Amino acid sequence: MPIRSPSAQRACASLLLSSAPRHARLRFDRHAWHCGQSMTEYLVALAVLVAVIAGTGAGDPSMLELFLDSVRTGWARLLSALALPV
């Protein structure tokens with residue numbers, strides 16, 4: 001369960017520093033560990049996505065170049081269609 005309010009964060013911080021039962025402290029520690037793990041997974045997925053999009057093969061254009069070329073072509077077609085007389 002994510003901690004949402006600053007008062008709840010202070011309460012959890014005081015729980016760690018207090019003489020609360022060990023199981024109460026472990027529940028917060030596990031939550032913090034899982035939050036860190038999910039952030040790491042997001043960063044790895046983002047790094048792979050950036051590598052796939054920006055990476056180049058043996059002389060092939062990258063996916064980013066193909067995307068930008070298709071945007072340029074679509075924009076040029078839209079402008080030429082708008083320039084036609086009614």
Side-chain angles (χ1 to χ4, degrees):
M1 173 198 275
I3 300 169
R4 301 196 192 291
S5 67
S7 61
Q9 290 176 349
R10 283 191 299 275
C12 287
S14 66
L15 178 68
L16 288 175
L17 299 175
S18 71
S19 60
R22 186 170 186 270
H23 62 67
R25 289 193 306 259
L26 284 178
R27 182 175 55 217
F28 177 74
D29 290 342
R30 286 185 190 138
H31 170 71
W33 183 79
H34 286 295
C35 288
Q37 180 183 0
S38 63
M39 180 61 74
T40 304
E41 291 172 358
Y42 283 131
L43 287 175
V44 168
L46 181 64
V48 168
L49 181 66
V50 167
V52 166
I53 290 175
T56 58
D60 295 333
S62 69
M63 289 180 66
L64 183 61
E65 290 173 349
L66 290 173
F67 175 73
L68 292 176
D69 186 44
S70 65
V71 168
R72 282 187 208 109
T73 303
W75 186 254
R77 289 180 181 181
L78 174 69
L79 290 179
S80 63
L82 290 175
L84 291 175
V86 179

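Being a predicted model, the structure only gives us computed values, none of them experimental. Start at 1 with the first residue, then count along the sequence.
With rounding to the nearest 0.5 Å, the separation of OG1 in Thr73 from CG in Leu68 is 10.5 Å. Separation of atoms CZ (Arg77) and CG (Leu79) is listed at 12.5 Å; rounding is to 0.5 Å.
Linking ILVMFWY side-chain heavy atoms closer than 4.5 Å, directly or via other members, places Phe67 and Leu49 in a single hydrophobic cluster. By the criterion of side-chain heavy atoms lying less than 4.5 angstrom apart, applied directly or through intervening Ile, Leu, Val, Met, Phe, Trp or Tyr residues, Tyr42 is not grouped with Val48; the two fall into different hydrophobic clusters.
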